[in-house]
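Numbers restart at 1 for each chain; the letters A, B, ... are given by sequence-line order, proteins then strands.
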Amino acid sequence: MEEKTKCSTKKVLIVEDEKAVRNALFGKFGKLGFKVLGAKNGKEGLETMSKEKPDIILVDIKMPVMNGIEMIKNFKNNEKFEGIPFVVLTNDSTAETMAEVMSVGGTQYFVKSDTPIEAIVDKVKLMLNCE
Amino acid sequence: MVLFFEIFGILFSVILVYLGIRYLSKEKALLDKEKKRVELLAGSFSGLTSITGSFSALNHIAESLTNFGFEKVLILTANKEKLALTGDIGIGFGEEFSPSEIEIPLDKEKQGILTQVFFDQAFQVFDEKKKPKIENISVKSKLLESSFMIAPISRKKDVSCWESTKCSKTECPSYEAKDTRCWLTPKTDCISHLKGNYDESIFEAPNKKIKACLDCNIFHCLGIVLVAKNKNYRFSEEEKTLFHTFAYQAGAVLEKGYLLTDLELREKELSRRMYELSILKELGDRIGYSLNVEKIVDIITSSLVKLLDYSVVAYMLLRPDKVYFKCQLEEPLNRKFIDDIRGRMLASLAALMNQEFKDSDIEEELSGTVIDNTMNDPIRSFFNIPIVIAEKTVGLLTIASSKPGLYKENEVNILYKITSQASNAVSRLESVLEAEKGKLNDMVVSMIDGVIMVDNDNRIIAVNPAAKKMLGITEEEPTIFDIINSLQGKLDIRSKIEESLKLHRTIVIDELKIENLILKVFISPVKPKISLKESKENLLGVVVLMHDVTKEKEVEKMKSEFVSVASHQLRTPLSAIKWFLEMLINGDAGEANMEQISYLTQAHETNEHMIDLVNSLLNISRIESGRITVELEKLDIIELCEGIFDEIKMIAEGKKQKIEIVKPKEKIPNILTDPKLFRQVIQNLLSNAVKYTPGGGSVKFTISKNNDGYLQFDIKDNGLGIPLHQQDKLFQKFFRADNVVEMDAEGTGLGLYVAKSLIGTLGGKIWFESEENKGTKFSCTLPLSGSKAKKGEKTLISTDVSKEFSKYHAVSKS
């Protein structure tokens, strides 16, 4: 098995309009030693990305100004951000949204209210192969 | 009555005899040689009393007359059927003809004076085969060659006519009443003549002196009696009186005969009327309120056999596309007989309807006796009566017989009376119904809902304005095709109608979108109200009711959208709470003490419950709006069930319950269904069983293949059970049974509602058996043939009781 890297070296970008949710994730990942970056919407998220290249992005779908799908499309089309994994965290569990996420290359999709925060942490750790 | 007349007759004869004897006794001294004659006379009359039957009585009189020395005696009686005087008895005439062969036609113009007719008319002689042997023989030359006396034979009660010398001019009331016997002699001057002389000289100028007072109400002539000598001879007064007495006696005899016949006739008539009445009553009773012409005619024909003599009764009824011919045979006949009737009836019907019918138009039904082609009787008696209902000819009724001369005016009249009675009854009933129908029509016209009535042959019987407006139909009287066009292919109404008729069941189409409207459509079979025996087979058609549910659907949609949005908005803060609590419990913000953990855990549990509730609400709004997607996969259902079972097993074991799964022995092929939806159903049922069964209880999950092509899932527990009085509400939204609420069990009251909706969507069924405090068995089925896919907009949110949470989380149920 490949040697796992330290999670404290990883940068997590959280794009979430709902302050409480953002703070929860911020707190959790911060406690675990991740470098956590925050953004209120897709546009802010893209701006942050261009300043500081994150290792993984946790992105909400329904957001004002620019929604999650738009943001994903944007950075997916940008060579600069090639290969950055992302996890979709949303409360919109409709088939269309899920299909849209898949169409922009999303593979990780969590319904927030149904997912324990620990499960998200585990998923991120797994994706980044870190401890 | 008969006896009375008999006695009366005898009495009269006795008096006459007595009178005769008294008359003769006056002459006794003078006419000693006449003594023998008197005895003879007395013998004749007393002998007469013992004779029954008019003919033998007349014969006796004729013989007596010859005994008194009259060489020729001829008695002719009026035969009303032949309209002729026919010879009854003739004695002393030559070999040329027998007097019984004589037939003297009665001229209507000269009717009334029988003797007159007798003189004027030539007569004919018929042979045995009723062919004229000799025609136009002069009565005078043949019968009255020499001296003769002639007297009319009259009715006894007209005796005054014999005695009076002059009777006034009388009217004949019986003539006015068209008594068939009266045609003989209407309005006759009643001049008595019998007191006068009957010698030839008088008869030489009959018009001047003799006018027989014949058939007025005081003198009813029944015939003529004639005596003659073979030579010219002057009759003595005595002979005249004797002849007079005998002629008179002949009248009494004939009258008695007639009276008897009359009586018999009247009796016959009476009993026929009784029959007629009883049949009419029976008809009334049996027809009841039926409007079915065929049935009514059947009743008539089945009653007829009591009334008429016939070989065959048949009827033809006009149907829209054919002629229905029903023939009831009362005796064996050959096929030709029936074909003859068929032909005659068809011709009559064609004439009656002024319409051509082909033999191929006929639908034939024979009943009664079988056809016997060895019989070769032709139709000898036959008559038709049209069947008319509400002034419209609908068919023909026919009676036929192989016997000749059966049907006269009377028979035709009876049948006519019966059929018209029946058709009147039907006509009246129809008019009542018409009026009722009018009311009903008004009601249907005023209805807000669209109503279309369709009969068994897909003909539109009625379409109300609301229906026309809904479907945008402009035709005054639309056909089924107009309706089909107006539905724009959105509803195959014809097959739905067929289905409804076939299954005897109302078909409901929940949503039919036509232009801007959403209609709920009910297609119900129409059963006849009067429960006839055959009513089950005889549906009248269907009624299609269209209820505009556009508004309701809009409200429903808004409601479910509201629920969806609200639920969605709730989920986000709930997830924030959830995560913060998880972090606190996990010690992310510093180790919490036991008490703190306990509180946080309860807060988390409550929050989870809230999330569950919101998810359930979201699911329900999706299911109810019909926007749920059904995505099919070929599934190993047993494997899926085992998976669910294993998850639930953990919870059950936590409660120290005994839980087991029983799988079918045979291999179950993969089934095409939506795993997510199906999973939800089984999960709900299994988790309910565990939830509502106290610790230490048992839960058994059995999967089996039933005989109807379904896989059946039984989930049996020995838990709380469902109170009997609440069992019917179990599948209602938000319903929770009292005993469950009481024990403080968590739940939303949505699980079973969701399960029922989902299993229905997948083509299965759900039901249960339960007894409070004993346990519950829920059963549901899934078709082995698979579910139907459905493209919706929403997928189901998992409301998994054993969410991954438990896998990750440290929160222990304390």
Side-chain angles (χ1 to χ4, degrees), chain A residues 7 14-34 36 38 40-41 58-64 67-68 87-102 108-126, chain B residues 564-565 567-590 604 607-615 618-619 621-622 625 627-631 674 676 790-811:
Chain A
C7 288
I14 296 161
V15 189
E16 165 70 64
D17 61 327
E18 187 69 37
K19 200 175 154 196
V21 176
R22 199 169 63 234
N23 285 345
L25 290 167
F26 226 95
K28 185 75 192 178
F29 281 93
K31 267 272 174 330
L32 290 169
F34 285 90
V36 194
K40 288 202 286 290
N41 58 49
L58 305 183
V59 57
D60 187 17
I61 294 298
K62 227 176 136 196
M63 288 181 295
N67 70 24
V87 174
V88 172
L89 294 178
T90 180
N91 269 329
D92 182 351
S93 53
T94 59
E96 297 86 66
T97 311
M98 221 184 277
E100 258 182 304
V101 170
M102 279 162 77
Q108 304 304 319
Y109 187 97
F110 289 96
V111 175
K112 284 178 275 188
S113 65
D114 298 343
T115 316
I117 198 160
E118 210 69 30
I120 299 164
V121 171
D122 284 0
K123 177 59 75 180
V124 168
K125 279 182 176 169
L126 194 72
Chain B
S564 170
V565 169
S567 305
H568 218 202
Q569 299 299 335
L570 281 170
R571 284 172 105 192
T572 304
L574 285 173
S575 37
I577 296 168
K578 174 187 166 83
W579 288 348
F580 280 123
L581 287 170
E582 281 171 14
M583 286 157 75
L584 286 174
I585 295 165
N586 203 35
D588 288 356
H604 186 266
N607 193 58
E608 284 298 298
H609 180 64
M610 198 112 94
I611 290 169
D612 249 7
L613 184 69
V614 170
N615 283 348
L618 261 172
N619 279 342
S621 86
R622 284 169 191 190
S625 68
R627 287 181 293 164
I628 196 122
T629 308
V630 181
E631 280 177 317
D674 185 317
K676 223 171 161 182
K790 193 178 159 207
K791 228 177 129 52
E793 330 164 3
K794 308 277 177 180
T795 49
L796 202 69
I797 300 158
S798 164
T799 54
D800 193 343
V801 278
S802 54
K803 282 179 202 154
E804 292 143 273
F805 174 69
S806 53
K807 260 199 284 188
Y808 291 100
H809 216 282
V811 175

Heavy-atom contact with chain B under 4.5 Å, split by part of A:N23
both
Which pair of non-hydrogen atoms, one from B:W579 and one from A:T115, has the smallest distance, and what is that distance?
NE1-O, 2.7 Å
Okay, A:L32 and chain B: the region with an atom under 4.5 Å from a heavy atom over there is neither
To the nearest 0.5 Å, atom CD1 of A:I117 lies from atom NZ of B:K578 at 10.0 Å
A:K112 vs B:L574, side chain to side chain contact (heavy atoms under 4.5 Å, CB included): CA-CA, chis, key distance, verdict
CA-CA 9 Å; A:K112 284 178 275 188; B:L574 285 173; over 6 Å; no
Find the one option among A:A24, A:A99, A:A20, A:G27 whose heavy-atom pairs under 4.5 Å with chain B are most numerous.
A:A24
Quick check on A:K62 against chain B: is it the side chain, the backbone, both or neither that has a heavy atom closer than 4.5 Å?
side chain
Restricting to side-chain hydrogen bond (donor to acceptor under 3.5 Å, both in side chains), what partner residues turn up for A:N91, sequence neighbours left out?
B:T572, B:S575
Rounded to the nearest 0.5 Å, how far apart are CD of A:E118 and CG of B:D588?
7.0 Å
Looking only at A:R22, A:E18, A:K28, most heavy-atom pairs under 4.5 Å shared with chain B are made by A:K28
Distance from A:S113 atom OG to B:I577 atom CD1, nearest 0.5 Å?
11.5 Å
